[in-house]
Structures are given as C-alpha cells and as structure tokens.
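What follows is one structure encoded as structure tokens, with my remarks underneath.
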2 protein chains.
Amino acid sequence: MGSQTFNEIYHILRERILAGKYSVKMRLPIEDALIAEFDSSRYAVRKAIAKLAKEGLVYSVKGRGVVLLEHSPQTQQFNLALNNLNGLQSLNAERHLDYQTEVVAFHQQIVDQALSEHTAFEVGIPVYAIQRVRIVDGIRAVLDINYFNAQRTPTLTAAIAKRSIYQHFKKNGLKIAVVKRMLRVETATELDQAQLALDDNNCIGNMISIAFNDEGRQFEYTESHFIPNKFNFNELIRN
Amino acid sequence: MGSQTFNEIYHILRERILAGKYSVKMRLPIEDALIAEFDSSRYAVRKAIAKLAKEGLVYSVKGRGVVLLEHSPQTQQFNLALNNLNGLQSLNAERHLDYQTEVVAFHQQIVDQALSEHTAFEVGIPVYAIQRVRIVDGIRAVLDINYFNAQRTPTLTAAIAKRSIYQHFKKNGLKIAVVKRMLRVETATELDQAQLALDDNNCIGNMISIAFNDEGRQFEYTESHFIPNKFNFNELIRN
DNA sequence: GAGTGGTCTAGACCACGGT
DNA sequence: CCGTGGTCTAGACCACTCC
C-alpha cells in the first residue's frame with residue numbers, strides 16, 4: 001500500500017514541511033519541479049498535494065502556487081483527525097487511554113415507530129439494543145447506546161459487547177464503509193445522571209453515529225453520551 | 001463554474017440518485033457506461049463520483065462498483081454539512097434564522113504569553129479582542145470571543161462588529177482559505193452564565209476556530225460558546 | 001477468467017495571479 | 001505578458017470482487 005507513487009511523494013513532502021524545509025518561501029515547489037524531482041507524472045504529484053491539503057498542511061491557489069499553512073503546536077493539535085471509524089476509539093484514540101467497559105443493558109428487540117423515527121431503521125426489523133459505560137482512567141466517562149441491525153451484523157452476545165464489537169465485526173467480514181456523524185450538546189437525562197461521572201455538570205455531549213457497510217446498508221445507530229471537559233473533536237474546512 | 005464537465009455529470013447523477021432512479025440495483029452504472037453516456041473522459045466521470053462520495057451519497061468498492069448508500073430523511077439530515085466558512089452562519093445556516101448581535105466588548109490589545117498559548121498568535125503582535133452575543137429567535141444563544149491579527153485584517157470597528165465582520169473582510173479582499181476547528185463540551189464560566197440564556201444548564205458547547213488566509217497565515221482565533229439543545233454539527237467519515 | 005475501480009503516464013488547453 | 005494550478009483527454013496496467 002505504502003509503495004504507491006503518490007503516497008511516497010506525499011510522505012516525503014510531508015516530512016520536509018514539518019522539518020521546515022520550505023518555510024522560508026512558505027511555498028511548495030511548483031508542480032513541474034516536483035514532477036522532475038520525483039520523475040513521475042503530474043497525476044501522482046497532484047494527488048500527493050491533495051492529500052497534504054486534506055490534512056491541512058498546504059493550500060493551493062490557482063495562478064500562484066501551493067502555499068504552506070502556518071503551523072504551531074496549537075494548530076498542529078487540530079490535525080489529529082477524527083477519522084477513526086471505530087466506536088469509542090475515535091474519541092481521542094491517539095492518547096491510547098486504558099479503559100474498561102461495563103455492559104449496562106443487552107437485549108434484542110423489534111423496531112417500533114418511535115425507535116424508527118430517530119434510528120432510521122425500518123419498523124419491524126430485529127435489532128440488538130445495548131447500553132455500555134466506558135470507564136476511562138477510572139472515570140465513568142462515556143455512555144454508549146447502540147442499536148445494531150441483527151440481520152446485517154454477526155451474532156452478538158453480552159460477552160462480545162464487553163470486549164470489542166468492532167473487532168468482532170471485522171473478524172466476521174463486516175466492512176464499515178461510511179459513518180455519518182452528528183454532534184450536539186444536550187441536557188443530561190436521568191440515565192446519564194445515573195451512569196456517568198457528571199459531578200456538578202448537568203449536560204452531556206452526544207455523538208450520534210450512523211454506520212453503513214460496503215453494500216451501502218445501514219447496520220448501526222449509536223449515541224455516545226460523554227461527560228464535559230474531557231473530549232475534543234477536530235475538523236478541517238477548506239474553501 | 002457550473003459548466004464544468006465533471007460538475008454537470010455530478011449534478012445529473014445526484015438528481016437521479018435522489019429521485020431513486022438507481023435504487024433497484026443500489027449501484028451506479030459502471031464507469032465505462034457513464035463515459036459513454038456523457039461522452040466524456042474517465043477523469044470527469046471519476047471526479048463526479050468522488051464528489052458524490054464526499055457528500056455521502058455513494059461509496060466505491062474496487063472490483064465491484066459504485067454502491068449507493070441508503071438514505072432516509074434522518075440520514076439525509078446528516079448531509080447538511082458544516083462546510084460554511086463564515087462565523088455563526090456555520091451553525092445551522094440552512095435554517096436561515098434571524099438573529100441580532102450585541103457587542104459586549106471591543107478593544108485592541110497586545111498578545112501576551114498567556115493569550116499566545118491558546119490562540120497560537122505570537123507574543124507582541126496587536127490583535128482586536130471582541131466579545132459578541134448572538135441573539136437567535138430572541139434567545140441569547142451564542143457568545144463569540146474573537147481575536148483577529150490586526151496586521152493581517154482590515155481595520156475593524158465596533159460598528160462593523162455589530163454588522164458582519166466576514167462581509168467586511170470579503171469586501172476588503174481578505175480571502176479565507178482554511179479553517180481548523182475543534183469542538184468540546186465545557187463547564188460554563190461566569191461570563192457564559194452572565195451572557196447566555198443557559199436556563200438550568202451549567203455547560204456550554206465550545207467551537208474553537210483558527211482561520212488562515214490564502215497566504216497560509218493565521219489571522220483569527222475564535223471561541224464560539226453556544227447553549228445546549230439548539231445546535232448540531234455534522235460530519236462524514238469515509239474508509 | 002471476466003468485470004470493475006485504482007493508479008499512472010503523456011500530453012493539451014483553460015483560468016487565474018502577478019508583472 | 002508569463003507562470004501557475006485546474007480541467008480534460010486517451011490511453012495503459014494493476015488489484016480486487018465475483019463467478
């Protein structure tokens with residue numbers, strides 16, 4: 001995978017940028033110069049630059065060139081992307097926090113009208129309904145409320161839910177193609193108050209995820225309720 | 001702009017997808033068929049598909065084809081992207097809420113060590129420091145705390161801050177290239193409690209934005225503190 | 001093995017920025 | 001005007017999926 005032309009160019013350029021090699025002019029060399037240096041095609045060079053741009057390191061201006069973005073320790077921190085598809089791991093996975101999981105509820109049910117309206121699952125299909133608390137550094141930090149389409153996921157058990165559902169999916173050949181996410185701040189419910197270490201806070205962050213397999217079918221609806229002051233979400237917006 | 005080949009193909013395919021024209025097979029026609037139909041190059045067709053994928057409508061699988069993602073009213077809602085570069089407008093701009101602005105504070109200052117550490121501005125440079133409350137539907141919903149590099153932005157006044165700073169920038173030729181964002185949930189400060197309609201809630205959402213001009217220079221650091229239960233942020237993650 | 005998307009090459013012309 | 005990135009074409013070969 002890493003031996004693709006554009007990826008090699010990307011990695012070399014990235015290293016040079018972070019080492020400050022282009023910081024005098026605040027510009028990347030022009031495309032023709034990079035094509036000559038790497039003895040490759042324009043396609044590969046442009047794809048490498050596009051990857052750098054997606055990461056927030058550079059910005060292309062038509063008619064002028066490829067500009068480097070200023071980067072400080074603070075703005076660098078913003079580059080730790082939220083691109084992890086896994087469940088809790090997406091929350092500041094880079095810290096590699098140790099955590100335990102407590103399964104609060106585990107059962108199967110049929111989707112009714114009310115559940116259908118917010119999960120987007122069809123009425124009548126069977127789902128696994130799971131509630132788990134994630135204990136991070138000894139703190140009850142996250143309440144995960146999952147609904148998995150039972151027809152599109154391998155068989156689940158409470159024991160699997162205590163370990164890693166996503167690893168279980170991976171082992172059984174379920175491929176996650178796309179996740180749509182929504183973030184909001186909400187007043188804590190009684191369930192949140194009971195399960196999470198909110199201290200004096202009476203609100204939670206709610207990360208709603210809808211996941212699709214590689215056949216385009218939704219197999220998951222999840223709400224992750226998390227305590228304040230602990231988790232960050234990063235995003236990059238390009239013009 | 002809209003007459004580019006790939007953009008035309010994109011719009012046509014998008015319309016067909018939303019009209020359900022491909023929903024039987026849950027697939028897009030293969031690339032060669034689209035090349036033939038639109039009498040264009042593979043480049044244009046692939047670029048159109050890439051745009052659909054970025055939007056969360058399709059997903060390409062090597063060796064199989066381009067799969068349509070299931071879309072329901074709920075998952076469609078997730079497509080309203082957070083791609084607006086403007087300040088408050090990025091918060092659910094599609095609703096076109098009427099709002100008023102109250103300028104709470106407006107002054108110039110020099111960046112000291114403490115301010116430098118969280119804004120990423122260099123110590124010693126002059127900045128505009130502005131605090132504004134956004135009153136949405138009569139509710140004090142957002143507290144914007146802005147710092148603008150005075151050397152890289154056109155002259156600002158309190159009157160401009162009451163209207164639109166971004167329109168003022170645009171008129172004066174400042175181009176916003178990239179915005180890096182961070183989202184978190186925090187315990188409300190005394191300032192938040194004083195300025196926002198928090199009711200019984202004691203937390204806020206905090207959207208931190210660092211904006212760069214098209215020369216790659218940071219010109220803005222902003223914190224937008226917003227009340228719970230009112231704003232949503234969407235995101236799409238692809239594998 | 002046939003079908004399909006991913007990568008790559010070698011060109012061409014256009015649109016925009018700066019001089 | 002020149003230099004630059006953006007779009008586009010016409011091909012080629014590779015990697016993966018499915019039968």
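A note on names: the letters A, B, ... follow the listed sequences, proteins ahead of strands, and every chain is numbered from 1.
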Lys/Arg N to Asp/Glu carboxylate O, B:R16 vs B:E37, below 4.0 Å
yes
Main chain of A:Q218, side chain of B:E70: is a donor-acceptor contact present, judged purely on distance under 3.5 Å?
yes
Q: Show the numbers, then the answer: is there a salt bridge (charged side-chain N to carboxylate O under 4.0 Å, His left out) between B:R64 and A:D214?
A: CA-CA 10 Å; B:R64 192 190 304 157; A:D214 67 357; 3.4 Å; yes
For B:H107 together with B:Y128, are the ring centres under 6.0 Å from each other? no
In whole angstroms, the gap separating P of D:dT9 from CG of B:D32 amounts to 14 Å
Considering just the side-chain nitrogens and oxygens of A:R64, establish if one lies under 4.0 Å of OP1 or OP2 belonging to C:dG18. yes
Report, as yes or no, whether the 6.0 Å neighbourhood of atom CD on A:Q167 holds more than 12 heavy atoms from other residues, nucleotides or ligands.
no
Between CZ of B:R238 and P of C:dG5 the distance, given in whole Å, is 17 Å
Between CZ of B:R27 and P of C:dG3 the distance, given in whole Å, is 15 Å
| message | Below 30° counts as parallel, above 60° as perpendicular, anything between as tilted: where do the rings of A:F148 and A:F219 land? | response | parallel
Using a cut-off of under 3.5 Å, enumerate the N/O to N/O pairs linking the protein to nucleotides 6-8 of chain D.
residue, atom, partner, partner atom, Å
D:dG6, OP2, A:R46, NH1, 2.8
D:dG6, OP2, A:R46, NH2, 3.2
D:dG6, N7, A:R42, NH2, 2.7
D:dG6, O6, A:R42, NH1, 3.0
D:dT7, OP1, B:Q4, OE1, 3.3
D:dT7, OP2, B:K47, NZ, 2.3
D:dT7, O4, A:R42, NH1, 3.0
D:dC8, OP1, B:T5, N, 2.4
D:dC8, OP1, B:T5, OG1, 2.7
D:dC8, OP2, B:F6, N, 3.4

In whole angstroms, the gap separating C1' of D:dC18 from CD of A:E215 amounts to 12 Å
query: Given D:dC16, is OP1 or OP2 found less than 4.0 Å from the side-chain N or O atoms of A:K175?
result: no
From CG of B:L28 across to P of C:dT4 the rounded distance in Å is 13 Å
Here the distance between atom C1' of C:dA10 and atom CG of A:D39, to the nearest Å, is 13 Å
